Amino acid sequence: MISLNEQMDIINRGSKEIISEDELAGKIESSIQTGIPLTVKWGADPSAPDIHLGHTVSIRKLKQFQDLGHRVVFIIGDFTAMIGDPSGKTIARKRLSRQQVIQNAETYKQQIFRILDPEKTVVEFNNRWCSALSFEEILNLTSKYTIARMLERDDFENRYRTGQPITIMEFLYPLIQGYDSVALKADIELGGTDQKFNLLVARDIQREYGQMPQVVITMPLLVGTDGTQKMSKSLDNYIALDDPPEQMYGKTMSVPDELIHPYFELLTDVAGEEFKQIKKLLADPKCNPMELKKQLAKRLVTMYYDPQKAETAEREFDTIFRKKETPEQIAVHHLSANLLWIVKLLTEVEFASSNNEARRLIQQGAVSIDGTRIADPELTIKFKGGEVLKVGKKKFVRLEIGCCIDS
RNA sequence: GGAGGGGUUCCCGAGUGGCCAAAGGGGGCAGACUGUAAAUCUGUUGGCGACGCCUUCGGAGGUUCAAAUCCUCCCCCCUCCA
């Protein structure tokens, strides 16, 4: 096994906070002595099965734990998801059926195993122990925590102050999550900095149950493609692991330049000299940040796909956005008629969701056919097949005559 | 249980009888510029083959020539007191 200092070093890299380092050192030490790996816990809500780069910050850290010989437990919070979490204003977030949960869990696994080693990963559903809890035990759990302490949490405090609803169930959430740690006898739990409160509650709960409290490791939150808020699905500022290569590349290029540095740091393996070099170039006004961003984008696509796909994605990006040319491969649409009103054409190929939107696009000069801009929304066009329709910067389709799809 | 405040378009939020498809901001989309789907600037942002018509301000009714705005009932949220 790797020495204590080396382990501490690796774990520290990129982490925001470790509570506490001494405890962690103690745990690692005894693990080295006994040969028993530490249990590292990481949880996810099964309702949104799209894993994105924001998640990978933690997942990559978990991978390091695996490489150090420890045991990673991935918890799928199906119990709470099945109750239906009414948090925020979105009333009655859909309850998930057993089947959906299992399905989502599968997509989760398929995604996280692009980083983690499936052999060394235990997947658990918290429903297994949570549904066995009696009401009495739950009351017991709730008696261990106070409202005042709950309101210490930023998010709760904010909502309380601004008059937004907080349900009792949300108060139970951290307790349940803490109970998960008890059930697993977790040695370490990992999470984003926004999870800090919950992770700390788990320590108290574990103590109540006579266990050694888990070490809490928080990872920095990744800022999303919008450059301001944390990457999340609901804000639609995310780059998903399942995004196709071109999109992964393109979305990375759409990230504000200031994010190049943190992205390299949190999402890739660049370290040491190479990282210093990148930092230097970013600070140099003579250096075009686009070049570094391209490197970053290519690197990410290579990580989750392969070098060839990264190459293709880059070429396509250059073609479309730098040279403003038509990409090599574009989708084909079979026209419903060869004489077509331009507005209908746009809705037919689903580049516009309504006639009004189509008109707007035309009036704004976004529409062209074979490179000729269409400015008149009343135009009717006769097609002979093979024309390329372009809307905006990134939507292309080749038009062919005839629609004999489901004959 | 009592008193008060509130529900407006994708989101936040103004509007308290006609000038309201509804200010402003955010987000989205588009254009210009460019070294990038960066930044910046500008435009646009309910629907309909359309100088008109239809639908939208929590829900259902009503008053009025005219309702997001007034009245009645209902639903939901928040705050304070108990």
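What you are looking at is a predicted structure, and each value in this text was computed from that prediction instead of being measured.
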Requested in this report: Select base, sugar-phosphate, or nothing to describe what V255(A) touches, counting heavy atoms under 4.0 Å on all strands.
Outcome: sugar-phosphate

Requested in this report: Just name whichever nucleotide pairs with A3(B), Watson-Crick or G-U, keeping both distances under 3.5 Å, else none.
Outcome: U79(B)

Report task. Would you sort out whether R203(A) and E23(A) count as a salt bridge (Lys or Arg N to Asp or Glu O under 4.0 Å), showing the intermediate values? Result -> CA-CA 12 Å; R203(A) 281 166 63 87; E23(A) 285 180 35; 3.1 Å; yes

Requested in this report: Please tell me if the side chains of I59(A) and W42(A) come closer than 4.5 Å, counting only heavy atoms from C-beta onward.
Outcome: yes

Query - Partner nucleotide, any strand, of A68(B) [Watson-Crick/G-U, under 3.5 Å] - result: none

**Report entry** Nucleotide A37(B), atom P - distance to CD1 of I239(A) in whole Å
**Finding:** 15 Å

**Report entry** Between G27(B) (P) and L235(A) (CG): distance, integer Å
**Finding:** 12 Å

Query raised in the report: Hey, does the side-chain of K324(A) have a donor or acceptor N/O within less than 3.5 Å of a partner on the base of U34(B)?
Result: yes

Query raised in the report: When you check the phosphate oxygens OP1 and OP2 of A38(B), does a side-chain N or O of S254(A) lie under 4.0 Å from one of them?
Result: no

Query raised in the report: Across all strands shown, which nucleotide pairs with A50(B) by Watson-Crick or G-U wobble geometry, both distances under 3.5 Å?
Result: none

Report summary line: Whole-Å distance, D318(A) CG to U34(B) C1', equals 15 Å

Query raised in the report: Nearest-Å distance, CG (L296(A)) to C1' (A38(B))?
Result: 13 Å

Query raised in the report: Does R114(A) count as lying over the ring of Y305(A), i.e. NZ or CZ under 6.0 Å from the six-ring centre, within 45 degrees of the axis?
Result: yes

**Report entry** Sugar-phosphate only, base, or nothing, as touched by K286(A) at under 4.0 Å among non-hydrogen atoms
**Finding:** nothing

Query - Who pairs with C19(B) - Watson-Crick or G-U, where each distance is under 3.5 Å - result: none

Query - Pairing partner (Watson-Crick or G-U wobble, both distances under 3.5 angstrom) of U40(B) - result: A32(B)

Could I get a table of every N or O pair under 3.5 Å where one atom is in the protein and the other is in nucleotides 50-54 of chain B?
unit_1	atom_1	unit_2	atom_2	d
A50(B)	N6	N356(A)	OD1	3.3
A50(B)	N6	R359(A)	NE	3.4
A50(B)	N1	N356(A)	OD1	2.9
A50(B)	N1	R359(A)	NE	2.9

Requested in this report: Could you measure between the two C1' atoms, the one in A68(B) and the one in G13(B), and give it in whole Å?
Outcome: 14 Å

Query - Reference residue T252(A); test side-chain contact (heavy atoms from CB on, under 4.5 Å); the match among L267(A), D243(A), L296(A) - result: L296(A)

Query - Whole-Å gap separating P (U36(B)) and OH (Y249(A)) - result: 11 Å

Query - Over 12 non-hydrogen atoms of neighbours within 6.0 angstrom of CD in Q329(A) - result: no

**Report entry** cation_pi(K251(A), Y238(A)) dist<6.0 Å, angle<=45
**Finding:** yes

Using the 3.5 Å cut-off, write out each protein N or O paired with an N or O of nucleotides 29-31 of chain B and the distance between them.
unit_1	atom_1	unit_2	atom_2	d
A30(B)	O2'	Q364(A)	O	3.2

Query raised in the report: Within a reach of under 6.0 Å around NZ of K196(A), are more than 12 heavy atoms found that belong to other residues, nucleotides or ligands?
Result: no

Report task. Starting at atom OH of Y263(A), determine the distance to atom P of A37(B), rounded to an integer number of angstrom. Result -> 17 Å

Report task. Please answer whether the main-chain N or O of A240(A) pairs with a side-chain N or O of Q111(A) as donor and acceptor at a distance below 3.5 Å. Result -> no

Requested in this report: Report yes or no: does R60(A) contribute a side-chain atom to a donor-acceptor pair with the main-chain N or O of T268(A) at less than 3.5 Å?
Outcome: yes

Requested in this report: Find the distance K294(A):NZ to A37(B):C1' and express it as a whole number of Å.
Outcome: 13 Å

Requested in this report: Could you tell me whether the side chains of H333(A) and E348(A) share a donor-acceptor contact shorter than 3.5 Å?
Outcome: yes

Query raised in the report: For RNA chain B, whose closest nucleotide is more 5', that of Q247(A) or that of D236(A)?
Result: D236(A)

Report summary line: By nearest-nucleotide position on RNA chain B, the 5'-leaning member of M253(A) and L379(A) is M253(A)

